[in-house]
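To start, the structure under review is shown below, and the notes come after it.
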Protein chains: 2
Amino acid sequence: MNQPIIQSSTRADEAFDCLQTAIITGELAPGEKIGELELCNRFELTRGPLREALGRLESRGLLVRRPHAGVKVVSVSAEELMELYRIREVMEGLAARQAAERMTDEEIRALQETLDAHEKMIEEAKGQAYYQAEGDYDFHHRIATGSRNTKLAQMLLGDLYYMVRMYRYRLSTSAGRPHMALGEHRHIVEALARRDGELAEFLMKRHINAARQNIEKKIKEGVLTI
Amino acid sequence: MNQPIIQSSTRADEAFDCLQTAIITGELAPGEKIGELELCNRFELTRGPLREALGRLESRGLLVRRPHAGVKVVSVSAEELMELYRIREVMEGLAARQAAERMTDEEIRALQETLDAHEKMIEEAKGQAYYQAEGDYDFHHRIATGSRNTKLAQMLLGDLYYMVRMYRYRLSTSAGRPHMALGEHRHIVEALARRDGELAEFLMKRHINAARQNIEKKIKEGVLTI
DNA sequence: CCTCACGCGATTGTCAACAAAACGTAAAAC
DNA sequence: GTTTTACGTTTTGTTGACAATCGCGTGAGG
């Protein structure tokens, strides 16, 4: 009954969320060695729950920990970012295919409305790269959950997207091609509405592949540096 | 006792490994509610490291934990197992494609020799389903690492394979088609040797899809029950 | 001047006790 | 007889202190 949403039921969960967002936003720089006591009085908790949260973060690949040498935020290279997009390509392709078979008409309609809202945001507030990124995230989020594939959604939402968002913050509006991405999103939703799983998979893979090539190009041009 | 005292650098790592194998082998039944103190004197450690290990297991999806209600081993339905194979299909397909581009000649040669050993094992010890499963695991393991895609290998080896092995133990030799699988393995390795990434991906996807259909058929026939 | 070893400090890993919340039981009220 | 509520027990979440290990600075030797 009582759902005080902001209240994490346990301190360890709280610490986990705080640490995760701190890593994603870059508040904790990659490669930075962080001491436990330092984290303790930063987030105002004790070492017990903290260590539990650190274990979870480590298991998710956001931290690396050497036995008695402390933990440090994972630092990833440009190549690894590209590999991440390759994984997204096949996994979100699968998600799109299954979503075409399993999403309800209601969900698809809501997704279309979401795209309308995104379009308005792009037209009106041209510079709001952050909200564009959030819109993009929302789109992929809905398809992942719409696949009705529990483990797939868990891996995408609980692992890959956090990694990608980490880079997003770091590279600041890496996407940079809002109109094109929106058009691709529309085509994907059309395929979903027609229940054409194969086409949805193909379009989603091409969409993510295009995003990857876009980032890769910018990195090679030196516009983006990691 | 049953654990070879491999001095893991930390007690939490030890607990993590023990718990993980206990879950995979079915020593801890799915859906079983397990108390912390019970685990403590079973593995002879205290609650501090144990909770850290539990956090990691939960993050990997092998445990589910409700705030003050304890942890229980994850129980998965037949549908979820099928979904797991769908994920494997696309991810290992990607791994095979990248492995074709990146494995060294040496590694591919070693893989061929591994298949020779598997063939001998299948011919000689016909009934040793366990070793066949291990051989299969070895094959997929090598390709995952051969992809040189760190995150991909991490997700396959650290997440999916443990899930699949959990089912393997539970269903006891679910595979059941050693000769056919070996043939498919050989074709995949041939594609790797020719550096034909596309073909390797196609064959790997078909290989896993066949395994999935095999299990699905047996479940529908009532031969296997989850 | 460089290298290696030793000891000190700091940090991590571990433990046992305290507090809080949930589940089960039982009794009382309707 | 059924439901609800209150209490006690059990289990989880948390805390602070103790012990083990590593990194680093200093000093001695080559």
Side-chain angles (χ1 to χ4, degrees), chain A residues 1-20 22-23 27-75, chain B residues 1 3 5-20 22-23 27-75:
Chain A
M1 307 315 175
N2 40 359
Q3 299 174 5
I5 306 174
I6 214 69
Q7 181 129 337
S8 288
S9 47
T10 170
R11 308 273 284 181
D13 292 336
E14 217 170 308
F16 179 77
D17 292 337
C18 289
L19 265 293
Q20 187 166 235
I23 292 174
E27 190 179 331
L28 292 173
E32 181 179 350
K33 288 166 193 165
I34 47 183
E36 292 186 357
L37 60 91
E38 178 189 345
L39 293 176
C40 283
N41 45 22
R42 175 186 269 200
F43 297 112
E44 301 195 7
L45 43 89
T46 50
R47 290 182 53 213
L50 179 80
R51 286 181 63 82
E52 191 181 326
L54 289 179
R56 284 196 251 181
L57 269 306
E58 185 200 14
S59 188
R60 290 208 177 179
L62 274 71
L63 294 178
V64 288
R65 174 146 60 161
R66 271 211 332 247
H68 287 82
V71 298
K72 67 174 193 284
V73 182
V74 69
S75 64
Chain B
M1 303 275 289
Q3 299 300 333
I5 315 243
I6 301 171
Q7 196 68 311
S8 287
S9 47
T10 169
R11 306 272 284 182
D13 292 337
E14 217 170 309
F16 179 78
D17 292 336
C18 289
L19 265 293
Q20 186 166 236
I23 292 173
E27 190 179 331
L28 292 173
E32 182 179 349
K33 287 167 193 164
I34 46 184
E36 291 186 358
L37 61 91
E38 177 189 343
L39 293 176
C40 283
N41 45 22
R42 176 186 263 195
F43 297 113
E44 302 195 5
L45 45 87
T46 51
R47 290 181 53 211
L50 179 79
R51 285 182 63 83
E52 192 181 325
L54 289 179
R56 284 197 250 180
L57 268 306
E58 184 200 14
S59 187
R60 290 207 177 180
L62 274 72
L63 293 178
V64 289
R65 173 147 59 161
R66 269 209 336 243
H68 287 83
V71 298
K72 67 175 192 284
V73 181
V74 69
S75 64

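In what follows, chains carry the letters A, B, and so on, assigned in the order in which the sequence lines appear, proteins first and then strands, with residues in each chain numbered from 1. Computed over heavy atoms, backbone and side chain alike; hydrogens, waters and symmetry mates excluded. What you see is a predicted model, and the numbers here were worked out from it, not measured in a lab.
Between C18(B) atom SG and D13(B) atom CG the span is 10.5 Å, to the nearest 0.5 Å. Taking CG from L63(A) and CD from Q20(A), the interatomic distance works out to 10.0 Å, rounded to the nearest 0.5 Å. Distance CZ/R60(B) to CZ/F16(B): 4.0 Å, rounded to 0.5 Å.
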Name the pairs: protein N/O against N/O of nucleotides 19-23 of chain D, kept only if under 3.5 Å.
none

Considering only nitrogen or oxygen atoms on both sides, find all protein atoms under 3.5 Å from nucleotides 6-10 of chain D and state each distance.
none

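The nearest pair of heavy atoms linking A15(A) to A53(A) is CB-CB, 3.9 Å. Taking every heavy atom of both residues into account, P67(B) and S9(A) meet most closely at CG-OG, 3.4 Å. Nearest approach of K72(B) to G31(B), heavy atoms of both residues: CD-O, 3.8 Å.
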Enumerate donor-acceptor pairs with a distance under 3.5 Å from any side-chain N or O in residues 33-45 of chain A to protein atoms, sequence neighbours excluded.
unit_1 : atom_1 : unit_2 : atom_2 : d
E36(A) : OE1    : R47(A) : NE     : 2.9
E36(A) : OE1    : R47(A) : NH2    : 3.1
E36(A) : OE2    : R51(A) : NH1    : 2.8

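Between L62(B) and L19(B), the closest side-chain pair of non-hydrogen atoms is not below 4.5 Å.
Within residues 42-53 of chain A, the residues approaching DNA chain C are R47(A), R51(A), by heavy-atom distance under 4.0 Å. Listed in residue order, the members of residues 55-64 of chain A having a heavy atom less than 4.0 Å from DNA chain C come to none.
When the C1' atom of dT12(D) is taken as reference, atom CZ of R11(A) falls 15 Å away, rounded to whole Å.
When DNA chain C is scanned in the 5' to 3' direction for atoms under 4.0 Å from non-hydrogen atoms of chain A, the outermost contacting nucleotides are dT11(C) to dT14(C).
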Could you go step by step and tell me if L54(B) and L50(B) meet the side chain to side chain contact (heavy atoms under 4.5 Å, CB included) rule?
-> CA-CA 6 Å; L54(B) 289 179; L50(B) 179 79; 4.2 Å; yes

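The residues R56(A) and D17(A) are annotated as not salt-bridged, no charged nitrogen and carboxylate oxygen being separated by less than 4.0 angstrom.
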